[in-house]
Q: 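There's a structure below that I have some questions on.
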Amino acid sequence: MCVHVIFSLLNTFLSILYLPEICTTLFHHVHFPSRFLNLFSRKPKEPKPPSQNAPGWRLFGKVPLRENTTKDPKDSFTIQQEYQVKVGPAPGPQVQLSAARRKNLEFEPLSTTALILEDRPPNLPAKSVEEAMRHKQEYDEMVAGARRRELKEAQKKRRQMKERFKQEDSIANAMVIWNNDVLPNWDCMRNTRRVRELWWQGLPPSVRGRVWSLAIGNELNITPELFEIFLSRAKERWKSFSETSSENEIEGRYHDRESSLDLIKLDISRTFPSLFIFQKGGPYHDLLRSVLGAYTCYRPDVGYVQGMSFIAAVLILNLEEAEAFIAFANLLNKPCQMAFFRVDHDLMLKYFAAFEVFFEENLPRLFNHFQINNLTPDLYLIDWIFTLYSKSLPLDVACRVWDVFCRDGEECLFRTGLGILRLYQEVLLQMDFIHMAQFLTRLPDDMAADNLFSCITATQMLSSNRKWGQVFSALMKDGSKEIANHSPAPRS
């Protein structure tokens with residue numbers, strides 16, 4: 001009896017101390033006095049299984065964990081139903097997404113899509129009917145907009161492919177005409193209206209080199225054997241140069257014009273660097289070096305001048321090595337190219353003056369803007385003429401300019417310059433001196449040939465009923481006064 005009283009008091013005392021587990025242990029030992037000393041030994045706590053109400057994580061909220069992760073996954077609708085049965089419905093009206101609608105979806109909603117298609121997590125206020133309908137409408141509009149963009153992009157690609165096929169058909173037809181009709185009868189066909197119109201549209205790549213070669217001609221009577229002779233001389237001179245010469249020593253070596261041979265090695269790496277075919281190790285590196293070296297020995301009075309590498313590179317891309325050298329030597333022998341590469345200041349001033357006559361005639365607003373800002377032709381024309389636009393324009397556009405240059409001669413070079421100014425007239429009118437000079441020395445890379453040639457076509461090479469050749473001849477006879485009024489000395 002006393003023992004029971006003692007245990008009762010002790011149980012009350014431990015209950016006050018909030019130790020129910022110890023109390024339970026004591027009652028287990030009521031009938032075992034021999035364990036009385038172990039009454040206060042704490043029973044180790046066994047790990048509890050996850051509670052059904054323990055929260056798990058879902059998109060922006062918590063949902064109950066599943067009892068068995070090995071079971072087949074349930075959709076969110078079933079999980080929410082189970083959870084609401086256990087914890088009670090969420091406050092406020094709730095719009096449930098039907099399981100049938102979810103099963104009809106062709107994809108599983110992700111991220112922002114889920115925000116529209118899914119109901120909110122149970123721990124957040126549920127969507128109202130109006131909000132759910134608005135989100136559904138916004139989602140439908142997003143899908144419709146994406147489909148419209150895809151359709152528009154597909155239509156654009158179809159138009160591009162159609163235009164490409166049309167262009168390929170045009171090139172194929174033109175190639176047949178050039179090979180069957182024009183080239184076999186070159187002398188009598190080259191100046192006909194039909195051929196000139198076909199020429200203006202651009203030469204097919206397969207016949208371009210041959211047409212250029214015929215149009216440039218060979219007034220110098222250079223033979224492939226002569227090319228080999230001067231190439232051997234260039235190779236001998238290269239061997240005589242020290243292999244360890246620094247770039248400063250090379251650039252400062254001007255004992256004679258042939259010494260500029262060593263400059264070729266430095267300049268080749270700067271030729272069409274984006275193509276990676278003329279740099280050391282590239283397939284056309286040695287060809288370009290051979291053509292430039294042979295020309296430097298062939299014309300020691302001219303030597304190698306920076307800018308020549310671009311002209312030679314374009315020819316190498318379209319002609320064999322010896323043919324490229326013959327075309328290169330004859331091309332640089334033209335009056336305009338010889339004036340610029342030999343830096344004949346007086347003759348260059350006459351070309352600038354003639355250019356400004358037609359500049360003022362075609363683009364008076366831009367001409368006055370250039371005059372106000374003191375932007376003279378030598379700041380941009382020299383680079384264009386030195387490389388025949390091959391450095392300034394995209395390569396495909398430059399080749400089309402070369403096509404017309406071979407047809408029309410030097411007039412085409414200055415007409416192309418006016419076409420570029422016309423194409424970017426509105427942009428240039430908003431610029432000051434520095435920005436205009438920078439823009440014209442680094443033209444946009446995305447220039448389209450059709451846009452440029454539309455501007456070239458709109459440029460009339462007539463001034464007071466005088467053509468380019470007549471204006472230039474007049475300046476050659478008595479142009480000192482006009483030159484003084486139009487152009488300063490070229491800047492070195």
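Note that this is a predicted model, so its numbers are computed, not measured.
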Q: Could you tell me whether Asp301 and Arg299 have a side-chain N and a carboxylate O separated by less than 4.0 Å?
A: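 A salt bridge is present here (some side-chain N lies under 4.0 Å from a carboxylate O).
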Q: Spell out, as yes or no, whether a donor-acceptor pair under 3.5 Å connects the side chain of Arg415 to the backbone of Ile456.
A: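 Confirmed, Arg415 side chain pairs with Ile456 backbone.
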Q: Thinking salt bridges, do Asp267 and Arg289 make one under a 4.0 Å N-O criterion?
A: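 Salt bridge: no.
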Q: Strictly distance-based, threshold 3.5 Å: is any side-chain N or O of Gln337 a donor or acceptor partner for the main-chain N or O of Leu388?
A: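 No, because the side chain of Gln337 does not come within donor-acceptor range (under 3.5 Å) of the backbone of Leu388.
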Q: Would you say the side-chain atoms of Thr387 pair up with the backbone N or O of Asp383, donor to acceptor, closer than 3.5 Å?
A: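 Yes: the side chain of Thr387 pairs with the backbone of Asp383.
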Q: Can you tell me if Asn362 uses its side chain to pair, donor with acceptor, with the backbone of Gln460 under 3.5 Å?
A: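 Yes, Asn362 side chain to Gln460 backbone: donor-acceptor pair under 3.5 Å.
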Q: What I'd like to find out is whether the side chain of Arg164 reaches to under 4.5 Å of the side chain of Gln167, using heavy atoms alone.
A: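 A side-chain contact is absent here, since even the closest heavy-atom pair is not under 4.5 Å.
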Q: In terms of side-chain geometry, is the basic nitrogen of Glu197 or Arg193 positioned less than 4.0 Å from the acidic oxygen of its partner?
A: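 Salt bridge: yes.
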Q: Thinking salt bridges, do Asp286 and Lys280 make one under a 4.0 Å N-O criterion?
A: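 The answer is no: the pair does not qualify as a salt bridge.
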Q: Report yes or no: do Trp200 and Asp403 form a side-chain donor-acceptor pair below 3.5 Å?
A: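 On atom types as modelled, these side chains do not qualify, holding no pair under 3.5 Å.
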Q: Can a donor-acceptor pair be found, under 3.5 Å and without considering hydrogens, that links the side chain of Thr457 to the backbone of Phe453?
A: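 Yes; judged by distance alone, with no hydrogens or angles, the pair exists.
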Q: Can you name the nearest heavy-atom pair linking Cys297 to Arg233, along with the distance?
A: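 It is SG-CG, 3.9 Å.
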Q: May I ask you to decide whether Glu426 forms a salt bridge with Arg365, counting only side-chain N to carboxylate O separations under 4.0 Å?
A: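 Judged by the 4.0 Å cut-off on N to carboxylate O distance, Glu426 and Arg365 do form a salt bridge.
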Q: Can we call the ring centroids of Tyr295 and Phe230 under 6.0 Å apart?
A: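 Not under 6.0 Å, so no.
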